[in-house]
Amino acid sequence: MKEVFGMNRSRILAFSNKPPAPLPISTPQLEGASVGKRRHRRVPQIAERMLDCPGLVDDYYLNLLDWGKSNVIAIALENTVYLWDASSHTSWELETVSDDKGPVTSVSWAPDGRNIAIGLNNSEVQVWDSITNKKLRTLSDGHQARVGTLTWNNNILTTGSADSKIINNDLRVRNHIIETYRGHRNEVCGLKWSPSGRYLVSGGNDNLVHIWDRSMAGLNSASQWLHRIQDHTAAVKALAWCPYQSNMLASGGGMADGCIKFWNINTGACLNSIDTGSQVSALLWNNNDRELLSSHGLPDNKLTLWKYPSMVQMAELTGHTSRVLFMSQSPDGHSVASVGDETLRIWNVFGSPDEVKSSKETSAPEPFAHVSRIR
């Protein structure tokens with residue numbers, strides 16, 4: 001009866017059958033290598049771990065996965081947020097919301113790795129303490145539709161909604177709404193603050209990308225964006241700031257677009273555009289090398305590792321049997337979690353033997369270095 005009525009939840013974040021042994025490939029470092037020294041890196045083609053995620057909502061416009069600073073992965077399955085500790089391999093339930101509020105439509109860890117924001121279908125946003133499993137605050141007076149994307153800028157929680165509004169919420173004060181950005185004509189499905197905290201990029205189901213300068217937010221006008229980008233021909237959820245070039249942004253378009261585009265935010269100019277032939281759901285930069293990882297929905301359902309700026313494909317990571325909806329990076333930058341087909345898969349895509357060897361030889365190992373050795 002539990003199976004019939006969907007009550008058997010014992011397989012949530014439980015290990016699936018062990019994947020076959022990795023079949024790594026060796027890829028040359030095309031750019032950035034020192035003169036006279038050609039480094040090679042092995043990119044495993046098989047996920048190191050695979051966890052079951054029954055009840056995953058198959059919705060491209062949501063953001064249901066995030067890997068926090070404390071090495072804990074948060075994933076929303078229907079009305080429940082689950083946490084999985086990548087160090088201890090233990091999982092637990094953080095919160096289940098009622099049907100009139102759910103399903104959960106977005107999750108995002110705060111910079112401290114302890115508090116987590118949860119966006120809901122009824123337009124509310126909740127902030128939870130993951131250590132005590134206590135709700136700290138509910139934001140219920142900002143949006144009028146589901147909150148599908150969240151991003152943090154220190155104490156500022158920025159929320160994007162299907163009501164097309166973007167709101168900056170200062171959680172230190174009672175009247176938390178401090179800025180509202182208006183410019184999108186449809187659901188906001190992607191948000192990312194720049195590392196400096198000055199610029200915010202947003203993507204929407206109106207095919208638009210906006211770059212906002214927080215110093216201009218006080219103007220409170222309908223056109224307070226720094227740049228409005230109209231080059232994509234489908235929804236834009238995939239957004240990623242370049243970690244080594246502060247004025248560069250990457251964006252990826254949905255099924256009718258399938259392009260990865262690179263932008264100079266100082267001028268708004270498009271630096272390059274690559275047609276991937278597939279829906280782009282997420283983008284992640286390698287923090288240690290000039291590489292970009294993209295995840296894809298229909299028709300390819302895969303992850304692709306690119307060398308930048310040549311955009312030569314270094315590896316294709318396959319295994320998901322339906323579209324890859326979400327992707328998030330580990331705190332040490334080596335591993336990536338991807339979610340699709342009701343499974344969560346962890347790939348050691350950005351790690352390298354040289355880096356692992358170097359970390360072992362140091363007397364004080366880097367925090368979370370063990371993530372690259374997940375089995």
Does [Y] offer a backbone N or O that forms a donor-acceptor pair with the side chain of [X] under 3.5 Å?
X: Thr304; Y: Glu316; result: no
X: Thr80; Y: Thr96; result: no
X: Asp257; Y: Thr233; result: yes

Intermediate values then yes/no, side chain to side chain donor-acceptor pair (under 3.5 Å), Ser202 and Trp212: CA-CA 8 Å; Ser202 63; Trp212 314 85; 2.9 Å; yes

Using a 4.5 Å cut-off on heavy atoms from C-beta on, say whether the side chain of [Y] contacts that of [X].
X: Lys261; Y: Asn272; result: no
X: Val188; Y: Thr149; result: yes
X: Ile75; Y: Val107; result: no

Charged N-O contact under 4.0 Å between Lys101 and Glu124: yes

Enclosure of Asp100 CG (heavy-atom neighbours >12, cutoff 6.0 Å): yes

ILVMFWY network linking Trp263 to Trp241, side-chain heavy atoms under 4.5 angstrom: yes

Ring centroid separation His227 to His210 under 6.0 Å: no

Candidate pair Arg114 and Asp112, rule salt bridge (charged side-chain N to carboxylate O under 4.0 Å, His left out), full reasoning: CA-CA 5 Å; Arg114 173 169 179 163; Asp112 61 8; over 6 Å; no

Straight-line distance of Arg185 CZ to Ser164 OG, nearest 0.5 Å: 10.5 Å

